[in-house]
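Can you keep this structure in mind? I'll have questions shortly.
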Amino acid sequence: MKRVIVITSGKGGVGKTTTAINLGAAMNIFGREVLIVDGNLTTPNVGIHFGSPEVPVTLNHVLSNKAEVFEAVYEHESGLKIIPASLSVKELKKIKPEKIGNFKKDFTKISDIVVVDSSAGLGNEATSVMAVADELIIVTNPEMPAITDALKTLKLAQEMKKPILGVIITKVREDDIEMQPDVVKEMLEIPILGMVPYDLSVSKSLNMKDAVVHTHPKSKAARAYKEIAAKILNVKYDSKKDAENFIEKILKKFGFGKKRK
Ligand SMILES: Nc1ncnc2c1ncn2[C@@H]1O[C@H](COP(=O)(O)OP(=O)(O)OP(=O)(O)O)[C@@H](O)[C@H]1O
Ligand SMILES: [Mg+2]
């Protein structure tokens, strides 16, 4: 079955792009063909996360009928396919986000699963991207402003009659200052797909220009994303078994850990 999953949030900086690329990469690890589309046209980040900030043909060219969808597809070494958006300020004025709906069918011809990252806010750009969704995922953090914006997004999605796969709470820390997951659950009244801990491996992966599920596959954040991807795909995955074992930890400490290619 073809699935177009849009990652949205309302509030900015909550972890949408991190979620889009890691869920996409995790589903790819589970053997699915995945395309990640950067639907954040004004402040795109997907290309930056994968170390290819500027490419010749982008989603912006596709939306302005200057290129075909397949010309804007780039393949990551993992097999993951990506359609980046343009970083050029010149391209900004020409953006017509509502056109993205015209290309939904073409996206699904490229991969069975299409994950679309979106911009913050609930303006024309974000809602145009929400409109292409078969399913929506709302990303939020355990803080009042992020939850309030997630609720707004939820109401809008319901008005648009879009099915919501659930909420992903990211950057979860284990301290008393944060809202407890139970409280968040109660406020949102929709299923929680998963929680991703605050994990420095995420920042390190950004520096290494790749998804954390690739750079630090056994980290807490990577395992959380794999767990959520497994849930979405209805496949088996044991996060505890995937954790670094005692011997691996010792080896790493002494510099004998597995090296990345
Ligand atoms: N689980 C995590 N642990 C630690 N840092 C994280 C985690 N998830 C995301 N971050 C960091 O939070 C910052 C914002 O993340 P990201 O860019 O994914 O958010 P966003 O919602 O896409 O932002 P924007 O609304 O600007 O597009 C980044 O620096 C990212 O590395
Ligand atoms: Mg983003």
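Ligands are counted one by one from 1 in listed order, and the atoms in each one are counted from 1 as well.
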Practice problem: Indicate the ring-plane relationship of Phe30 and Tyr237, choosing parallel, tilted or perpendicular according to the 30° and 60° boundaries. | Solution: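 The arrangement is perpendicular - the two ring planes meet at more than 60°.
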Quiz prompt | Residue and atom name of the nearest protein heavy atom (relative to atom 28 (C) of ligand 1), distance in Å to one decimal | solution =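 Closest protein heavy atom to atom 28 (C) of ligand 1: Leu206 CD2, 4.6 Å.
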Exercise. Enumerate the atoms of ligand 1 whose separation from the nearest heavy atom of Gly12 is less than 4.0 angstrom.
Key: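 Checking each atom against Gly12, I get 25 (O).
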Self-check item: atom 2 (C) of ligand 1: the protein heavy-atom neighbour that sits closest, reported with distance to 0.1 Å
Solution: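 So the nearest neighbour among protein heavy atoms is Val202 CG2, 3.6 Å.
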Quiz item: Is ligand 1 under 4.0 Å from a heavy atom in the side chain of Asn40, in the backbone, in both, or in neither?
Solution: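 It is the side chain that gets close, since no backbone atom is under 4.0 Å.
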Exercise. Identify the protein heavy atom lying closest to atom 20 (P) of ligand 1, giving its residue, its atom name and the separation to 0.1 Å.
Key: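 Its nearest protein heavy-atom neighbour is Lys16 N, 3.4 Å.
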Quiz item: Considering only the protein, which heavy-atom contact is closest to atom 1 (N) of ligand 1, and what is its distance?
Solution: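 Here the nearest protein heavy atom works out to Pro197 O, 3.0 Å.
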Quiz item: Is there an N/O/S atom in Thr17 that lies less than 2.8 Å from the Mg ion (ligand 2)?
Solution: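 Thr17 does place an N, O or S atom closer than 2.8 Å to the Mg ion (ligand 2).
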Quiz item: So is Thr17 polar-close to ligand 1, meaning N/O to N/O under 3.5 Å?
Solution: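 Yes, Thr17 has an N/O under 3.5 Å of an N/O on ligand 1.
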Quiz item: What residue and heavy atom of the protein are closest to atom 18 (O) of ligand 1, and at what distance?
Solution: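 Nearest protein contact, heavy atoms only, for atom 18 (O) of ligand 1 is Thr18 OG1, 2.5 Å.
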Self-check item: Nearest-neighbour protein heavy atom for atom 13 (C) of ligand 1, which is reported as residue plus atom name and distance
Solution: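 Answer for atom 13 (C) of ligand 1: Lys171 NZ, 3.7 Å.
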Quiz prompt | Nearest-neighbour protein heavy atom for atom 5 (N) of ligand 1, which is reported as residue plus atom name and distance | solution =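 The protein heavy atom lying closest is Tyr198 CE1, 3.9 Å.
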Practice problem: For atom 24 (P) of ligand 1, grab the closest protein heavy atom and report residue, atom and distance to one decimal in Å. | Solution: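 Going atom by atom, the protein heavy atom closest to atom 24 (P) of ligand 1 ends up being Gly13 N, 3.5 Å.
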